[in-house]
Amino acid sequence: MSIPARFGPYGGRYVPETVIPALDELTAAYESLRDDSAFRSRLDDLLKNFVGRPTPLYFTERLSASLGGPRIYLKREDLCHTGAHKINNTIGQLLLAKQMGKTRVIAETGAGQHGVATAAAAALFGIPCAIYMGEKDIGRQELNVVRMKLLGAEVIPVSSGSRTLKDAMNDAIRDWVTNVENTYYVIGSVAGPAPYPAIVRELQSVIGREAHAQIQEAEGRLPTELIACVGGGSNAMGLFAPFLDNEDIRLTGVEAGGEGLDTGKHGASIERGQRGVLHGSLSYVLQDAYGQILEAHSISAGLDYPGVGPEHSFLHDQGRVRYDSVTDAEALSAFTMLSETEGIIPALESAHAIAYLVKHIDRFTGEDLIIVNLSGRGDKDVYQAARALELL
Amino acid sequence: MSVLQELFDNRQKKALLMPYITGGYPSLHGCGHVLDAFIEGGADMIELGVPFSDPLADGPVVQASAQQALDEGVTPDDVLELASRYSSRLPVVLLVYYNCIFAYGQDRFAAAAAGAGVNGLIVPDLPVDEASEFIEACRACGVDAILLVAPTSTGERIEMIAAQASGFIYCVSVAGVTGARTSLSDRLPEFLERVRAGTDVPLAVGFGVSTPEQAAAVARYADGVIIGSKLISIVRDAGEIDIAARAVKTFLSQVNEVLIK
Ligand SMILES: Cc1ncc(COP(=O)(O)O)c(C=O)c1O
C-alpha cells in the first residue's frame, strides 16, 4: 500500500535532486516492508523486549484529585528504553536501514533524545552512527551528549545559525546529500521531505494504538481529550493517529510559548508562523516577510524549532486538532508539580502538555477523561531546571 | 529561443565561464566591484545568489557569505536591483532557495526577475517533480527555469528533467554541497555523457570547480563551467574590496584562458 507524500497542500519533497532517488528508494523499501510479516515480527519483538513496550497508561490519582476536575491518565513514554518515545521510530528506521543495505546512519537531534535513541538502535544493529547537534543544545543537554558517546556515536557540533535543532537538521541534510549512497538519514520527527512524515507517523502510532486499548480496558470508554506537546510533532501524531477518525475526541497540540508569543521568542510555528518550506516540506514556519527562517526559542531543546510536521499544518487548517501554547515559566511549574504530586519527573517538552492541562483546568468537568502523552522523562533536564528554579 | 541557450549555441569558447557570487557579499556595494571583476575577467554569464538563512545545498564557504549578506540586511529586492544593473551587460541568472520565492509569490518573483532582466532562475531545493507551477510562472515571463541533475539521478529522472529543461541544465558534479574540491569525480565524464544522451539543452557543470585545470577538464564534456566557492573564498581572504576585485579578475582571466579555443 502506498503512503502519502502530501497532507492537503502540505508536505512534498523540497530537497536537492541528489537525494530524490534515495527518497524514492526509501519509499519503495518502506512500502514493501511495512506489510512484510518477518519485518513486522522483528519490529514487534524489539519494541517489546528492547524498548519495553507496551508502556503503561497510568492513572494520576493525586494529580487528578489536586486539579479537582477530570480523570487524567498519562501515557508513559518516559518509561521507554532511553527515556522517550523517540526510540519507537529509530528502531523501525534502523531495521529499514539494515534491510536497505546501508552501512552508516546519521541523525539530527535537539534535546538529544532522538540522538540517543538513534545511537542505541545503531549500536543494536552494529551500524556506525553520527549525530548532528547544535552547540547551544550540546550545552544544555550534556547528559545526552555523554550517552550518545557511550553508545558509540560520533557527536558533531553545529555552530551555524541559531546553533539548535534547525541548524543540526541543515547539517544532517548536507551530510546526507554528500554520502547518500551508503548513508541512511534517520529523521526524528514527522518532518522533513516525504516519505519521512508518513513513516515516522506510522512508527509512532504504536503509542495511540496501545492507549486506545488501554483506556477502554481501564475505563470502559474512550477518552474525551488527548493532549501532547508539539515540536516537530511525532509524539503528538503517534498518540493522535488512531483517534483522528473519531470526531468526538478532542485533540490538543501544545507548542512552545517560550517567553510569550508577543515577545517573538517562542516556537509556536502553527500559531504564529506562515506557510513556507523548511527542511524539505511545506508547512507552517516561523519566518520573516522575505522567507528567511527565524530563530525559535524554548526552554525545552526538543521544542525549540521554527517548523512543524506537515500533517499538523493540515490538521490545524481542518480544525481537527487545536493548537495552543504554554510559556517556559508555565512548563517549568508543571515540571515541578508533576514531580511532587506523582513522583514522576517529566521531560521539559512533556511538561508543556501537563502545563496546558493545568492552565485550562476550568474548561474540564468530572465527566472528562484525558490522556496526556508523557513523551519523555526529565533526567536530561534536571540541571537546567535546577538552575532555573535556583535549586543549586 | 531562450537567450541563454543561444548564448551557449553561438559560443566561441570551449565552454562558457559562469562565475557565482552571493548577492550582497561582501556588501551590496562591494558585490558590484566583484561583478565588475567578473566582466573584466571574461565571464560570459553572471550567477547571483539570493542569500537565504538555511541554504542546505551549500557548504561552509557559501553559507558564511549568505549569512554575512543577511547580517548586512540584504533582501531579495536588493539582489534583484543589483541584477538589473548588470543584466544589460551580461546575461544574469539567480540562484534562489525555494522559500524565498514562495514567500514572495512564485508569479510575482518570476515577474520581478524578468523585470530586472534576469534570464534564468536556479532553485537548488526544488526538484522537477515539485516544480510544475514554478516552471509555468517562469515561462509566462520568458525566464528560464534552470533545472539541476545530479550524479545520482536515474535515467528516468534525467528524462523527466530534460523534458522540462530550458536555457541550460545545471549538472551537479558530485553528490554533495557546494565547495571547492581538490579533484573532480572520476565519474564526471560518464555522468555528463548520460545526461547529454537525453537532451539538446546545453550542460553547465558546477560544485567543486576551483582551478583552471579543473575548468579545462570540465570543458571537454560540458558547455559551461560554474565557479562559486573558490571566488567567494578569494573575496573573503583578500579583505579589502579593491584587492579582492583584482584577485577575482586575475583568477577568472586564468580560467578564461583555458576555455578559449
Ligand atoms: C521527550 C520529548 N518530547 C517531545 C519532543 C518533541 O518532538 P516531537 O514533537 O516530534 O514529539 C522531544 C524532542 O526532542 C522530546 O525529547
Side-chain angles (χ1 to χ4, degrees), chain A residues 5-6 9 11-25 108 158-162 165-183 192-194 273-283 285-295 306-307, chain B residues 50-60 63-64 66-67 70 73-79 96-105 109 123-131 134 147-158 160-161 169-179 207:
Chain A
R6 295 251 176 201
R13 305 192 297 182
Y14 300 90
V15 284
E17 169 66 19
T18 308
V19 296
I20 294 284
L23 292 172
D24 283 338
E25 183 196 351
E108 81 293 338
V158 177
S159 59
S160 55
S162 53
L165 180 54
K166 161 181 91 82
D167 311 284
M169 194 149 175
N170 286 338
D171 270 6
I173 293 173
R174 291 179 184 122
D175 179 317
W176 198 42
V177 172
T178 308
N179 300 296
V180 63
E181 280 175 51
N182 69 353
T183 297
Q274 290 85 36
R275 285 183 185 191
V277 168
L278 175 64
H279 296 146
S281 57
L282 178 66
S283 198
V285 178
L286 298 176
Q287 57 184 331
D288 72 12
Y290 288 110
Q292 308 294 352
I293 309 303
L294 299 174
E295 271 185 35
Chain B
V50 173
F52 178 53
S53 54
D54 295 78
L56 48 76
D58 286 306
Q63 279 176 51
Q67 192 55 53
L70 290 173
V74 174
T75 69
D77 289 323
D78 293 328
V79 179
V96 207
Y97 281 87
Y98 187 56
N99 201 46
C100 292
I101 296 178
F102 187 83
Y104 211 96
F109 194 91
V123 190
D125 57 347
L126 190 68
V128 66
D129 336 49
E130 304 285 1
F134 172 70
L147 301 174
L148 296 94
V149 290
T152 51
S153 302
T154 57
E156 200 184 328
R157 293 196 58 80
I158 291 175
M160 279 167 69
I161 292 161
I169 293 177
Y170 192 133
C171 304
V172 174
S173 72
V174 286
V177 293
T178 57
F207 284 38

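Residue numbering restarts at 1 for every chain, and letters A, B, ... go by the order of the sequence lines.
Here the closest heavy-atom approach between residue B:S153 and residue A:P21 is recorded as CA-CG, 4.1 Å. Minimum interatomic distance between A:A289 and B:A103 (heavy atoms only, all atoms of both residues): O-CB, 3.9 Å. Pairing each heavy atom of B:V177 with each of A:T178, the nearest pair is N-OG1, 4.0 Å. Of all heavy-atom pairs between B:G176 and A:T18, the closest is N-CG2, 4.3 Å.
How far OH of B:Y98 is from CG of A:L278: 14.5 Å, rounded to the nearest 0.5 Å. Rounded to the nearest 0.5 angstrom, A:I293 CD1 and B:D54 CG are separated by 5.5 Å. Rounding to the nearest 0.5 angstrom, the gap separating the OG1 atom in B:T152 from the CD atom in A:E17 is 6.5 Å. With rounding to the nearest 0.5 Å, the separation of CG in B:D129 from CG in A:L23 is 10.0 Å. Separation of atoms OG (B:S53) and CG (A:D288) is listed at 7.5 Å; rounding is to 0.5 Å.
For B:V50, no part lies under 4.5 angstrom from a heavy atom of chain A. Of the two parts of A:Q274, neither the backbone nor the side chain holds a non-hydrogen atom closer than 4.5 Å to a non-hydrogen atom of chain B. Residue B:Q63 touches chain A through its side chain alone, counting heavy-atom pairs closer than 4.5 Å. Heavy atoms of B:F52 lying under 4.5 Å from chain A belong to its backbone as well as its side chain. Only the backbone of B:D58 comes within contact range of chain A, with heavy atoms under 4.5 Å apart. Contacts between A:V15 and chain B at a heavy-atom distance below 4.5 Å involve the backbone alone (N, CA, C, O). With a threshold of 4.5 angstrom between heavy atoms, B:I101 does not approach chain A through any atom at all. Heavy atoms of B:I161 lying under 4.5 Å from chain A belong exclusively to its side chain.
Under the 4.5 Å side-chain criterion, counting only non-hydrogen atoms from C-beta, B:F102 is in contact with A:L282. Taking 4.5 Å as the limit, some side-chain heavy atom of B:C100 sits within range of a side-chain heavy atom of A:Q292.
Of all the listed residues (B:D77, B:T75, B:V149), the one sharing the greatest number of non-hydrogen pairs under 4.5 Å with chain A is B:T75.
Screening B:L56, B:V123, B:N99, B:L126 against A:Y14 for a side chain to side chain contact (heavy atoms under 4.5 Å, CB included) leaves a single residue, B:L126.
When atom types are taken as modelled, the side chain of A:R174 and the backbone of B:P55 share a donor-acceptor pair closer than 3.5 angstrom.
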Q: Determine, step by step, whether B:R157 and A:D24 satisfy the side chain to side chain contact (heavy atoms under 4.5 Å, CB included) criterion, reporting the C-alpha distance in whole Å, the side-chain angles of both residues, the deciding distance to 0.1 Å, and the verdict.
A: CA-CA 11 Å; B:R157 293 196 58 80; A:D24 283 338; 4.2 Å; yes
